[in-house]
Number of protein chains: 2
Amino acid sequence: MLENESNIEKEIKMIPEPTLRRFPQYIHLLKRLRKESTQYISSTTIADELELDSIQVRKDLAITGVVGKPKLGFDIDELISALSNILNWDNSTDAFLVGAGSLGSALLGYKNFNQYGLNIVAAFDNDPNKIGKTISGIEVLPLEKFGNMVERMKVHIGIITAPPEAAQKIAEVMVQSGIQAIWNFSSIHLKVPFNIIVEDALLTQSLGVLTHTLSEKLKKEIAVLEKQ
Amino acid sequence: MLENESNIEKEIKMIPEPTLRRFPQYIHLLKRLRKESTQYISSTTIADELELDSIQVRKDLAITGVVGKPKLGFDIDELISALSNILNWDNSTDAFLVGAGSLGSALLGYKNFNQYGLNIVAAFDNDPNKIGKTISGIEVLPLEKFGNMVERMKVHIGIITAPPEAAQKIAEVMVQSGIQAIWNFSSIHLKVPFNIIVEDALLTQSLGVLTHTLSEKLKKEIAVLEKQ
DNA sequence: TTTTAATCGATATATTTGTATCGATAAAAA
DNA sequence: TTTTTATCGATACAAATATATCGATTAAAA
(Lines give C-alpha, C1' and ligand atoms only; values in the text may rest on other atoms or scores of the structure.)
Protein backbone atom coordinates (compact mmCIF):
# COMPACT_ATOMS: atom_id res chain seq x y z
CA MET A 1 0.00 0.00 0.00
CA LEU A 2 1.31 3.45 -0.87
CA GLU A 3 1.97 5.78 2.01
CA ASN A 4 -0.12 8.69 0.77
CA GLU A 5 -3.19 6.63 -0.02
CA SER A 6 -5.65 8.19 2.37
CA ASN A 7 -8.57 6.25 3.75
CA ILE A 8 -10.83 9.13 2.86
CA GLU A 9 -10.11 8.52 -0.79
CA LYS A 10 -10.92 4.89 -0.31
CA GLU A 11 -14.37 5.80 0.95
CA ILE A 12 -14.96 8.15 -1.96
CA LYS A 13 -15.15 5.44 -4.59
CA MET A 14 -18.86 5.73 -5.18
CA ILE A 15 -20.84 2.74 -6.37
CA PRO A 16 -22.23 3.34 -9.88
CA GLU A 17 -25.97 3.74 -9.67
CA PRO A 18 -26.80 1.04 -12.21
CA THR A 19 -24.78 -1.36 -10.12
CA LEU A 20 -26.51 -0.24 -6.95
CA ARG A 21 -29.87 -0.83 -8.60
CA ARG A 22 -28.88 -4.39 -9.47
CA PHE A 23 -27.87 -5.21 -5.89
CA PRO A 24 -31.45 -5.80 -4.67
CA GLN A 25 -31.99 -8.18 -7.57
CA TYR A 26 -28.90 -10.14 -6.56
CA ILE A 27 -30.08 -10.28 -2.97
CA HIS A 28 -33.52 -11.57 -3.94
CA LEU A 29 -32.04 -14.27 -6.12
CA LEU A 30 -29.38 -15.28 -3.62
CA LYS A 31 -31.89 -15.57 -0.80
CA ARG A 32 -34.05 -17.80 -2.97
CA LEU A 33 -31.07 -19.98 -3.84
CA ARG A 34 -29.91 -20.30 -0.28
CA LYS A 35 -33.21 -21.94 0.57
CA GLU A 36 -32.35 -24.63 -1.95
CA SER A 37 -29.21 -25.24 0.11
CA THR A 38 -26.72 -24.34 -2.58
CA GLN A 39 -23.54 -22.94 -1.12
CA TYR A 40 -21.70 -21.55 -4.11
CA ILE A 41 -22.94 -19.73 -7.16
CA SER A 42 -21.09 -18.63 -10.26
CA SER A 43 -21.44 -15.28 -11.99
CA THR A 44 -22.56 -17.23 -15.04
CA THR A 45 -25.51 -18.74 -13.19
CA ILE A 46 -26.53 -15.42 -11.67
CA ALA A 47 -26.33 -13.79 -15.09
CA ASP A 48 -28.41 -16.55 -16.54
CA GLU A 49 -31.11 -16.27 -13.90
CA LEU A 50 -31.39 -12.50 -14.11
CA GLU A 51 -30.70 -12.24 -17.85
CA LEU A 52 -27.63 -10.10 -17.37
CA ASP A 53 -24.08 -10.33 -18.65
CA SER A 54 -21.79 -12.52 -16.54
CA ILE A 55 -18.95 -10.03 -16.83
CA GLN A 56 -21.22 -7.36 -15.51
CA VAL A 57 -22.23 -9.56 -12.60
CA ARG A 58 -18.57 -10.20 -11.74
CA LYS A 59 -17.80 -6.50 -11.93
CA ASP A 60 -20.76 -5.67 -9.72
CA LEU A 61 -19.84 -8.31 -7.17
CA ALA A 62 -16.21 -7.17 -7.18
CA ILE A 63 -17.44 -4.02 -5.43
CA THR A 64 -18.54 -6.04 -2.41
CA GLY A 65 -14.99 -7.28 -1.88
CA VAL A 66 -16.16 -10.88 -1.80
CA VAL A 67 -13.70 -13.01 -3.76
CA GLY A 68 -14.86 -15.94 -5.80
CA LYS A 69 -13.24 -19.32 -6.17
CA PRO A 70 -12.28 -20.55 -9.62
CA LYS A 71 -14.45 -23.41 -10.78
CA LEU A 72 -16.93 -22.85 -7.93
CA GLY A 73 -17.98 -19.25 -7.85
CA PHE A 74 -19.00 -17.14 -4.87
CA ASP A 75 -20.13 -18.12 -1.41
CA ILE A 76 -23.81 -17.23 -1.31
CA ASP A 77 -23.96 -16.31 2.36
CA GLU A 78 -20.94 -14.08 2.04
CA LEU A 79 -22.53 -12.30 -0.87
CA ILE A 80 -25.85 -11.83 0.89
CA SER A 81 -24.28 -10.31 3.94
CA ALA A 82 -21.91 -8.10 1.95
CA LEU A 83 -24.69 -6.81 -0.28
CA SER A 84 -27.10 -6.33 2.62
CA ASN A 85 -24.44 -4.40 4.42
CA ILE A 86 -23.83 -2.07 1.51
CA LEU A 87 -27.55 -1.35 1.18
CA ASN A 88 -27.81 -1.08 4.95
CA TRP A 89 -30.52 -3.72 4.87
CA ASP A 90 -28.93 -5.53 7.78
CA ASN A 91 -30.21 -3.11 10.35
CA SER A 92 -33.56 -1.49 10.71
CA THR A 93 -34.14 2.18 9.93
CA ASP A 94 -37.27 3.97 11.10
CA ALA A 95 -39.40 5.96 8.69
CA PHE A 96 -42.44 8.23 8.79
CA LEU A 97 -45.06 8.15 6.08
CA VAL A 98 -47.14 11.13 5.01
CA GLY A 99 -50.33 10.62 3.02
CA ALA A 100 -52.60 7.85 4.23
CA GLY A 101 -54.50 7.33 0.99
CA SER A 102 -54.67 4.06 -0.88
CA LEU A 103 -50.99 3.88 -1.77
CA GLY A 104 -49.94 4.96 1.71
CA SER A 105 -52.16 2.30 3.23
CA ALA A 106 -50.68 -0.31 0.93
CA LEU A 107 -47.17 0.56 2.04
CA LEU A 108 -48.23 0.49 5.68
CA GLY A 109 -49.60 -2.99 5.09
CA TYR A 110 -46.49 -4.23 3.35
CA LYS A 111 -44.73 -6.06 6.15
CA ASN A 112 -41.80 -7.18 4.02
CA PHE A 113 -40.15 -3.79 4.31
CA ASN A 114 -38.50 -5.06 7.45
CA GLN A 115 -36.54 -7.36 5.20
CA TYR A 116 -35.21 -4.28 3.45
CA GLY A 117 -34.16 -2.48 6.59
CA LEU A 118 -37.17 -0.20 6.61
CA ASN A 119 -39.56 0.18 9.51
CA ILE A 120 -42.53 2.51 9.07
CA VAL A 121 -43.33 3.64 12.59
CA ALA A 122 -45.91 6.35 12.07
CA ALA A 123 -48.27 7.78 9.48
CA PHE A 124 -49.49 11.35 9.05
CA ASP A 125 -52.22 13.10 7.15
CA ASN A 126 -54.10 16.39 6.93
CA ASP A 127 -57.52 14.91 6.26
CA PRO A 128 -59.63 14.87 9.47
CA ASN A 129 -61.41 11.77 8.16
CA LYS A 130 -58.16 9.86 8.17
CA ILE A 131 -56.64 11.18 11.38
CA GLY A 132 -57.20 8.80 14.26
CA LYS A 133 -57.79 5.81 12.01
CA THR A 134 -55.55 2.79 12.45
CA ILE A 135 -54.07 1.21 9.33
CA SER A 136 -52.26 -2.11 9.72
CA GLY A 137 -51.71 -1.34 13.37
CA ILE A 138 -50.36 2.15 12.78
CA GLU A 139 -52.38 5.16 13.88
CA VAL A 140 -52.71 8.10 11.50
CA LEU A 141 -51.60 11.31 13.19
CA PRO A 142 -52.18 14.95 12.26
CA LEU A 143 -49.40 16.45 10.16
CA GLU A 144 -48.76 19.15 12.78
CA LYS A 145 -47.21 16.55 15.04
CA PHE A 146 -44.66 15.54 12.41
CA GLY A 147 -41.89 17.95 13.38
CA ASN A 148 -41.88 17.16 17.07
CA MET A 149 -41.95 13.46 16.53
CA VAL A 150 -39.09 13.48 14.03
CA GLU A 151 -36.99 15.28 16.58
CA ARG A 152 -38.00 13.07 19.47
CA MET A 153 -37.63 9.79 17.64
CA LYS A 154 -34.63 10.83 15.53
CA VAL A 155 -36.20 9.55 12.34
CA HIS A 156 -34.23 10.10 9.13
CA ILE A 157 -36.51 8.80 6.39
CA GLY A 158 -39.76 10.33 5.19
CA ILE A 159 -42.10 8.67 2.71
CA ILE A 160 -44.42 10.82 0.63
CA THR A 161 -47.56 9.10 -0.63
CA ALA A 162 -49.62 12.26 -0.92
CA PRO A 163 -51.15 13.70 -4.10
CA PRO A 164 -48.83 15.84 -6.26
CA GLU A 165 -50.37 19.17 -5.22
CA ALA A 166 -49.43 18.53 -1.61
CA ALA A 167 -46.08 16.83 -2.17
CA GLN A 168 -43.77 19.85 -2.38
CA LYS A 169 -45.20 21.39 0.80
CA ILE A 170 -44.81 18.11 2.65
CA ALA A 171 -41.23 17.81 1.46
CA GLU A 172 -40.52 21.24 2.90
CA VAL A 173 -42.06 20.26 6.23
CA MET A 174 -39.91 17.15 6.22
CA VAL A 175 -36.71 19.06 5.49
CA GLN A 176 -37.47 21.62 8.20
CA SER A 177 -38.11 18.84 10.66
CA GLY A 178 -34.72 17.30 10.06
CA ILE A 179 -35.57 14.45 7.69
CA GLN A 180 -32.48 13.47 5.70
CA ALA A 181 -33.90 11.23 3.00
CA ILE A 182 -37.24 11.25 1.20
CA TRP A 183 -38.82 8.34 -0.65
CA ASN A 184 -41.12 10.11 -3.07
CA PHE A 185 -44.14 8.32 -4.50
CA SER A 186 -45.74 11.46 -5.88
CA SER A 187 -45.19 12.04 -9.56
CA ILE A 188 -43.73 15.51 -9.18
CA HIS A 189 -40.10 16.50 -8.89
CA LEU A 190 -39.33 17.70 -5.36
CA LYS A 191 -37.09 20.69 -4.82
CA VAL A 192 -35.05 20.29 -1.68
CA PRO A 193 -31.62 21.45 -0.45
CA PHE A 194 -28.67 19.69 -2.09
CA ASN A 195 -27.78 17.70 1.00
CA ILE A 196 -31.19 16.04 1.29
CA ILE A 197 -31.50 12.69 -0.44
CA VAL A 198 -34.54 12.20 -2.63
CA GLU A 199 -35.34 8.91 -4.25
CA ASP A 200 -38.31 8.78 -6.59
CA ALA A 201 -40.39 5.63 -6.84
CA LEU A 202 -41.04 6.58 -10.46
CA LEU A 203 -44.22 4.61 -11.02
CA THR A 204 -45.35 6.75 -13.90
CA GLN A 205 -41.92 6.59 -15.54
CA SER A 206 -42.12 2.84 -15.47
CA LEU A 207 -45.67 2.93 -16.80
CA GLY A 208 -44.61 5.27 -19.57
CA VAL A 209 -41.95 2.88 -20.78
CA LEU A 210 -44.51 0.08 -20.76
CA THR A 211 -47.26 1.87 -22.64
CA HIS A 212 -44.83 3.29 -25.19
CA THR A 213 -43.08 0.00 -25.87
CA LEU A 214 -46.37 -1.84 -26.17
CA SER A 215 -47.81 0.66 -28.61
CA GLU A 216 -44.64 0.46 -30.74
CA LYS A 217 -44.87 -3.32 -30.71
CA LEU A 218 -48.50 -3.33 -31.78
CA LYS A 219 -47.81 -0.76 -34.52
CA LYS A 220 -44.99 -2.88 -35.87
CA GLU A 221 -47.16 -6.00 -35.88
CA ILE A 222 -49.86 -4.19 -37.81
CA ALA A 223 -47.27 -2.90 -40.28
CA VAL A 224 -46.03 -6.44 -40.89
CA LEU A 225 -49.58 -7.74 -41.42
CA GLU A 226 -50.33 -5.00 -43.92
CA LYS A 227 -47.27 -5.80 -45.97
CA GLN A 228 -48.31 -9.37 -46.54
CA MET B 1 -35.02 12.89 -49.40
CA LEU B 2 -32.96 9.98 -50.69
CA GLU B 3 -34.80 7.44 -52.80
CA ASN B 4 -33.79 4.36 -50.84
CA GLU B 5 -34.66 5.77 -47.43
CA SER B 6 -37.32 3.33 -46.38
CA ASN B 7 -40.02 4.27 -43.93
CA ILE B 8 -39.26 1.15 -41.96
CA GLU B 9 -35.86 2.53 -41.12
CA LYS B 10 -37.46 5.75 -40.04
CA GLU B 11 -39.55 3.89 -37.53
CA ILE B 12 -36.57 2.02 -36.19
CA LYS B 13 -34.92 4.98 -34.51
CA MET B 14 -35.63 3.86 -30.99
CA ILE B 15 -36.01 6.40 -28.24
CA PRO B 16 -33.19 6.06 -25.67
CA GLU B 17 -34.60 4.67 -22.46
CA PRO B 18 -33.30 7.44 -20.19
CA THR B 19 -35.07 9.90 -22.44
CA LEU B 20 -38.25 7.85 -22.38
CA ARG B 21 -38.13 7.83 -18.59
CA ARG B 22 -37.91 11.60 -18.51
CA PHE B 23 -40.95 12.05 -20.73
CA PRO B 24 -43.47 11.49 -17.92
CA GLN B 25 -41.67 14.11 -15.84
CA TYR B 26 -41.97 16.59 -18.68
CA ILE B 27 -45.65 15.84 -19.06
CA HIS B 28 -46.34 16.32 -15.35
CA LEU B 29 -44.54 19.64 -15.33
CA LEU B 30 -46.09 20.89 -18.55
CA LYS B 31 -49.60 20.07 -17.42
CA ARG B 32 -49.00 21.98 -14.22
CA LEU B 33 -47.68 24.97 -16.14
CA ARG B 34 -50.54 24.98 -18.59
CA LYS B 35 -52.94 25.55 -15.70
CA GLU B 36 -51.04 28.75 -14.96
CA SER B 37 -51.90 29.80 -18.51
CA THR B 38 -48.35 30.01 -19.78
CA GLN B 39 -48.17 29.27 -23.50
CA TYR B 40 -44.47 28.92 -24.15
CA ILE B 41 -41.70 27.37 -22.11
CA SER B 42 -37.96 27.31 -22.70
CA SER B 43 -35.71 24.31 -22.26
CA THR B 44 -33.85 26.38 -19.68
CA THR B 45 -36.95 26.75 -17.53
CA ILE B 46 -37.85 23.09 -17.81
CA ALA B 47 -34.30 22.14 -16.88
CA ASP B 48 -34.44 24.48 -13.93
CA GLU B 49 -37.71 23.07 -12.65
CA LEU B 50 -36.67 19.45 -12.98
CA GLU B 51 -33.01 20.01 -12.12
CA LEU B 52 -31.78 18.66 -15.42
CA ASP B 53 -29.40 20.02 -18.03
CA SER B 54 -31.04 22.34 -20.57
CA ILE B 55 -29.13 20.74 -23.42
CA GLN B 56 -30.47 17.39 -22.40
CA VAL B 57 -33.99 18.76 -22.30
CA ARG B 58 -33.61 20.18 -25.80
CA LYS B 59 -32.25 16.88 -27.08
CA ASP B 60 -35.09 14.97 -25.47
CA LEU B 61 -37.72 17.30 -26.86
CA ALA B 62 -36.13 17.18 -30.32
CA ILE B 63 -37.34 13.58 -30.48
CA THR B 64 -40.96 14.71 -30.36
CA GLY B 65 -40.48 16.71 -33.56
CA VAL B 66 -41.87 19.82 -31.92
CA VAL B 67 -39.76 22.81 -32.95
CA GLY B 68 -39.10 25.63 -30.55
CA LYS B 69 -39.02 29.31 -31.29
CA PRO B 70 -35.86 31.25 -30.51
CA LYS B 71 -36.30 33.62 -27.60
CA LEU B 72 -39.62 32.01 -26.61
CA GLY B 73 -39.18 28.28 -26.33
CA PHE B 74 -41.69 25.53 -27.03
CA ASP B 75 -45.46 25.62 -27.25
CA ILE B 76 -46.65 23.81 -24.14
CA ASP B 77 -49.77 22.29 -25.66
CA GLU B 78 -47.84 21.02 -28.64
CA LEU B 79 -45.33 19.35 -26.33
CA ILE B 80 -47.99 17.77 -24.14
CA SER B 81 -49.79 16.23 -27.07
CA ALA B 82 -46.60 15.06 -28.77
CA LEU B 83 -45.25 13.47 -25.58
CA SER B 84 -48.61 11.92 -24.68
CA ASN B 85 -48.80 10.48 -28.14
CA ILE B 86 -45.36 8.90 -27.92
CA LEU B 87 -46.22 7.30 -24.57
CA ASN B 88 -49.63 6.34 -25.90
CA TRP B 89 -51.19 8.16 -22.99
CA ASP B 90 -53.70 9.81 -25.29
CA ASN B 91 -55.85 6.75 -25.61
CA SER B 92 -56.95 4.28 -23.03
CA THR B 93 -55.50 0.76 -22.83
CA ASP B 94 -57.21 -1.94 -20.80
CA ALA B 95 -55.30 -3.99 -18.25
CA PHE B 96 -55.90 -6.95 -15.95
CA LEU B 97 -54.44 -7.08 -12.49
CA VAL B 98 -53.44 -10.27 -10.67
CA GLY B 99 -52.93 -10.26 -6.91
CA ALA B 100 -55.57 -8.42 -4.90
CA GLY B 101 -53.45 -7.84 -1.81
CA SER B 102 -52.69 -4.46 -0.33
CA LEU B 103 -50.61 -3.22 -3.25
CA GLY B 104 -53.08 -4.55 -5.79
CA SER B 105 -55.94 -2.86 -3.95
CA ALA B 106 -54.01 0.39 -3.90
CA LEU B 107 -53.52 0.26 -7.66
CA LEU B 108 -57.19 -0.56 -8.18
CA GLY B 109 -58.04 2.51 -6.14
CA TYR B 110 -55.69 4.78 -8.01
CA LYS B 111 -58.05 6.52 -10.40
CA ASN B 112 -55.35 8.70 -11.98
CA PHE B 113 -54.15 5.84 -14.15
CA ASN B 114 -56.73 6.96 -16.69
CA GLN B 115 -54.57 10.03 -17.13
CA TYR B 116 -51.73 7.72 -18.12
CA GLY B 117 -53.73 5.75 -20.65
CA LEU B 118 -54.23 2.80 -18.34
CA ASN B 119 -57.58 1.34 -17.46
CA ILE B 120 -57.65 -1.57 -15.03
CA VAL B 121 -60.79 -3.45 -15.93
CA ALA B 122 -60.58 -6.62 -13.86
CA ALA B 123 -58.72 -8.15 -10.93
CA PHE B 124 -57.86 -11.78 -10.26
CA ASP B 125 -56.66 -13.81 -7.32
CA ASN B 126 -56.30 -17.38 -6.10
CA ASP B 127 -57.32 -16.73 -2.53
CA PRO B 128 -60.97 -17.79 -1.93
CA ASN B 129 -61.23 -15.08 0.73
CA LYS B 130 -60.56 -12.42 -1.86
CA ILE B 131 -62.55 -13.85 -4.77
CA GLY B 132 -65.95 -12.22 -5.03
CA LYS B 133 -64.94 -9.13 -3.10
CA THR B 134 -65.29 -5.77 -4.79
CA ILE B 135 -62.37 -3.35 -4.56
CA SER B 136 -62.92 0.20 -5.78
CA GLY B 137 -65.81 -1.01 -7.90
CA ILE B 138 -63.88 -3.88 -9.47
CA GLU B 139 -64.83 -7.45 -8.62
CA VAL B 140 -62.05 -9.92 -7.83
CA LEU B 141 -62.34 -12.98 -10.07
CA PRO B 142 -60.78 -16.44 -9.76
CA LEU B 143 -57.50 -16.78 -11.66
CA GLU B 144 -58.93 -19.61 -13.78
CA LYS B 145 -61.07 -17.12 -15.64
CA PHE B 146 -58.04 -15.08 -16.68
CA GLY B 147 -57.29 -16.82 -19.97
CA ASN B 148 -60.81 -16.70 -21.35
CA MET B 149 -61.30 -13.10 -20.43
CA VAL B 150 -58.03 -11.96 -21.99
CA GLU B 151 -59.07 -13.56 -25.22
CA ARG B 152 -62.62 -12.23 -25.12
CA MET B 153 -61.69 -8.68 -24.12
CA LYS B 154 -58.46 -8.55 -26.16
CA VAL B 155 -56.50 -7.20 -23.21
CA HIS B 156 -52.76 -6.67 -23.78
CA ILE B 157 -51.46 -5.55 -20.40
CA GLY B 158 -51.15 -7.64 -17.24
CA ILE B 159 -50.21 -6.23 -13.85
CA ILE B 160 -48.62 -8.54 -11.28
CA THR B 161 -49.05 -7.48 -7.66
CA ALA B 162 -48.73 -10.97 -6.23
CA PRO B 163 -46.04 -12.19 -3.81
CA PRO B 164 -42.72 -13.26 -5.37
CA GLU B 165 -43.34 -17.01 -4.98
CA ALA B 166 -46.41 -16.76 -7.17
CA ALA B 167 -45.13 -14.19 -9.67
CA GLN B 168 -43.34 -16.44 -12.17
CA LYS B 169 -46.31 -18.81 -12.48
CA ILE B 170 -48.68 -15.90 -12.99
CA ALA B 171 -46.40 -14.50 -15.67
CA GLU B 172 -46.56 -17.82 -17.47
CA VAL B 173 -50.35 -17.86 -17.29
CA MET B 174 -50.37 -14.33 -18.68
CA VAL B 175 -48.08 -15.22 -21.57
CA GLN B 176 -50.12 -18.29 -22.44
CA SER B 177 -53.29 -16.24 -22.38
CA GLY B 178 -51.91 -13.80 -24.92
CA ILE B 179 -50.84 -10.91 -22.71
CA GLN B 180 -48.19 -8.86 -24.51
CA ALA B 181 -46.86 -6.63 -21.75
CA ILE B 182 -46.45 -7.19 -18.03
CA TRP B 183 -46.11 -4.52 -15.37
CA ASN B 184 -44.31 -6.37 -12.62
CA PHE B 185 -44.56 -5.20 -9.03
CA SER B 186 -43.07 -8.37 -7.57
CA SER B 187 -39.44 -8.14 -6.66
CA ILE B 188 -38.35 -11.13 -8.70
CA HIS B 189 -37.04 -11.22 -12.25
CA LEU B 190 -39.62 -12.73 -14.57
CA LYS B 191 -38.54 -15.10 -17.31
CA VAL B 192 -40.72 -14.73 -20.36
CA PRO B 193 -40.29 -15.16 -24.13
CA PHE B 194 -38.23 -12.46 -25.80
CA ASN B 195 -41.20 -10.86 -27.53
CA ILE B 196 -43.11 -10.20 -24.31
CA ILE B 197 -42.54 -6.81 -22.76
CA VAL B 198 -41.78 -6.76 -19.05
CA GLU B 199 -41.46 -3.55 -17.12
CA ASP B 200 -40.48 -3.78 -13.48
CA ALA B 201 -41.82 -1.27 -10.98
CA LEU B 202 -38.57 -1.75 -9.08
CA LEU B 203 -39.71 -0.59 -5.67
CA THR B 204 -36.96 -2.43 -3.83
CA GLN B 205 -34.30 -1.11 -6.22
CA SER B 206 -35.40 2.38 -5.44
CA LEU B 207 -35.47 1.62 -1.72
CA GLY B 208 -31.98 0.13 -1.94
CA VAL B 209 -30.56 3.30 -3.43
CA LEU B 210 -32.23 5.29 -0.68
CA THR B 211 -31.06 3.21 2.26
CA HIS B 212 -27.53 2.93 0.87
CA THR B 213 -27.15 6.63 0.13
CA LEU B 214 -28.53 7.57 3.52
CA SER B 215 -26.21 5.25 5.38
CA GLU B 216 -23.21 6.62 3.45
CA LYS B 217 -24.30 10.14 4.27
CA LEU B 218 -24.64 9.40 7.96
CA LYS B 219 -21.30 7.60 8.01
CA LYS B 220 -19.62 10.59 6.40
CA GLU B 221 -21.19 12.99 8.88
CA ILE B 222 -19.97 10.91 11.79
CA ALA B 223 -16.48 10.80 10.25
CA VAL B 224 -16.42 14.59 9.98
CA LEU B 225 -17.57 14.99 13.59
CA GLU B 226 -14.89 12.63 14.85
CA LYS B 227 -12.17 14.53 13.05
CA GLN B 228 -12.98 17.78 14.82
C1' DT C 1 -35.51 50.52 -37.94
C1' DT C 2 -31.48 48.72 -35.73
C1' DT C 3 -29.52 46.50 -31.88
C1' DT C 4 -29.57 43.32 -28.25
C1' DA C 5 -30.15 39.09 -26.00
C1' DA C 6 -32.43 34.67 -25.18
C1' DT C 7 -33.12 30.61 -27.16
C1' DC C 8 -32.85 26.79 -30.48
C1' DG C 9 -30.56 22.95 -32.68
C1' DA C 10 -26.53 20.94 -34.98
C1' DT C 11 -22.07 19.17 -34.16
C1' DA C 12 -18.27 17.87 -31.22
C1' DT C 13 -16.38 16.15 -26.93
C1' DA C 14 -16.40 13.86 -22.37
C1' DT C 15 -18.12 10.64 -19.18
C1' DT C 16 -20.32 6.69 -17.83
C1' DT C 17 -21.69 2.16 -18.49
C1' DG C 18 -21.45 -2.21 -20.67
C1' DT C 19 -18.91 -5.95 -23.20
C1' DA C 20 -14.87 -8.63 -24.81
C1' DT C 21 -10.32 -10.78 -24.18
C1' DC C 22 -7.19 -13.50 -21.81
C1' DG C 23 -3.92 -15.21 -18.33
C1' DA C 24 -4.17 -17.19 -13.53
C1' DT C 25 -6.24 -20.36 -10.42
C1' DA C 26 -8.07 -24.33 -8.34
C1' DA C 27 -11.60 -28.12 -8.33
C1' DA C 28 -12.61 -32.28 -10.52
C1' DA C 29 -11.56 -35.86 -13.77
C1' DA C 30 -8.20 -38.92 -15.88
C1' DT D 1 -0.18 -37.33 -9.80
C1' DT D 2 -1.13 -34.97 -14.05
C1' DT D 3 -4.47 -33.08 -17.13
C1' DT D 4 -8.56 -30.85 -18.06
C1' DT D 5 -11.91 -27.29 -17.57
C1' DA D 6 -14.91 -23.88 -15.31
C1' DT D 7 -14.45 -19.81 -13.28
C1' DC D 8 -12.41 -15.53 -11.60
C1' DG D 9 -10.58 -10.91 -12.14
C1' DA D 10 -7.57 -7.56 -14.49
C1' DT D 11 -7.17 -4.91 -18.53
C1' DA D 12 -8.71 -3.28 -22.92
C1' DC D 13 -12.31 -1.89 -25.98
C1' DA D 14 -17.13 -0.47 -27.44
C1' DA D 15 -21.52 1.62 -26.92
C1' DA D 16 -24.63 4.63 -24.79
C1' DT D 17 -25.47 8.77 -22.48
C1' DA D 18 -24.55 13.34 -20.94
C1' DT D 19 -22.35 17.80 -21.52
C1' DA D 20 -20.07 21.63 -24.08
C1' DT D 21 -19.57 24.79 -28.01
C1' DC D 22 -21.27 27.82 -31.30
C1' DG D 23 -23.64 29.82 -35.30
C1' DA D 24 -28.55 30.86 -36.66
C1' DT D 25 -32.84 32.81 -35.48
C1' DT D 26 -36.23 35.93 -33.84
C1' DA D 27 -38.83 38.50 -30.11
C1' DA D 28 -38.28 42.48 -27.63
C1' DA D 29 -35.82 46.60 -26.38
C1' DA D 30 -33.42 50.72 -27.87
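A note on names: the letters A, B, ... follow the listed sequences, proteins ahead of strands, and every chain is numbered from 1.
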If each end axis of the helix from dT1(C)-dA30(D) to dA30(C)-dT1(D) is fitted on five C1' pair positions, the angle between them, to 10 degrees, is 10°
Got a donor-acceptor contact below 3.5 angstrom from the Lys217(B) side chain to the Asn195(A) backbone? yes
Going through the checks in order, is the salt bridge (Lys or Arg N to Asp or Glu O under 4.0 Å) test met by Glu216(A) and Lys220(A)? CA-CA 6 Å; Glu216(A) 287 299 302; Lys220(A) 229 169 268 172; 5.3 Å; no
Take Pro70(B) and Thr44(A), find for each the nucleotide of DNA chain D with the closest heavy atom, and name the residue whose nucleotide sits nearer the 5' end. Thr44(A)
Exactly one of Tyr110(B), Phe113(B), Phe96(B) should register a side chain to side chain contact (heavy atoms under 4.5 Å, CB included) with Ile120(B). Which one does? Phe113(B)
Flag the pair Thr64(A) / Leu83(A) as yes when at least one side-chain heavy-atom distance between them is below 4.5 Å, and no otherwise. yes
Walking along DNA chain D from 5' to 3', note the first and the last nucleotide with an atom under 4.0 Å from a heavy atom of chain B, and give both. dT17(D) to dA27(D)
Taking any heavy-atom pair under 4.0 Å as a contact, classify Ser43(B): base, sugar-phosphate, or nothing. sugar-phosphate
Atom CD1 of Ile41(B) and atom P of dT7(C): how far apart are they, to the nearest Å? 10 Å
Does Ile55(B) offer a backbone N or O that forms a donor-acceptor pair with the side chain of Asp53(B) under 3.5 Å? yes
On a heavy-atom basis, the closest approach of Ala201(A) and Ser206(B) is CA-OG, 4.0 Å
When every nucleotide of nucleotides 15-20 of chain C is labelled 5' to 3' by its protein contacts under 4.0 Å (heavy atoms), B for base, S for sugar-phosphate only, - for none, what sequence of letters results? --SBBB
Heavy-atom count check: over 12 atoms from other residues, nucleotides or ligands less than 6.0 Å from Lys69(B) NZ? no
Could you tell me the separation between the CD1 atom of Ile182(A) and the CD atom of Glu199(A), rounded to the nearest 0.5 Å? 12.0 Å
Working for side-chain contact (heavy atoms from CB on, under 4.5 Å), residues Asp75(B) and Gln39(B): CA-CA 6 Å; Asp75(B) 184 289; Gln39(B) 195 191 345; 3.5 Å; yes
Crowded around Lys169(B) NZ? As in, over 12 foreign heavy atoms under 6.0 Å? no
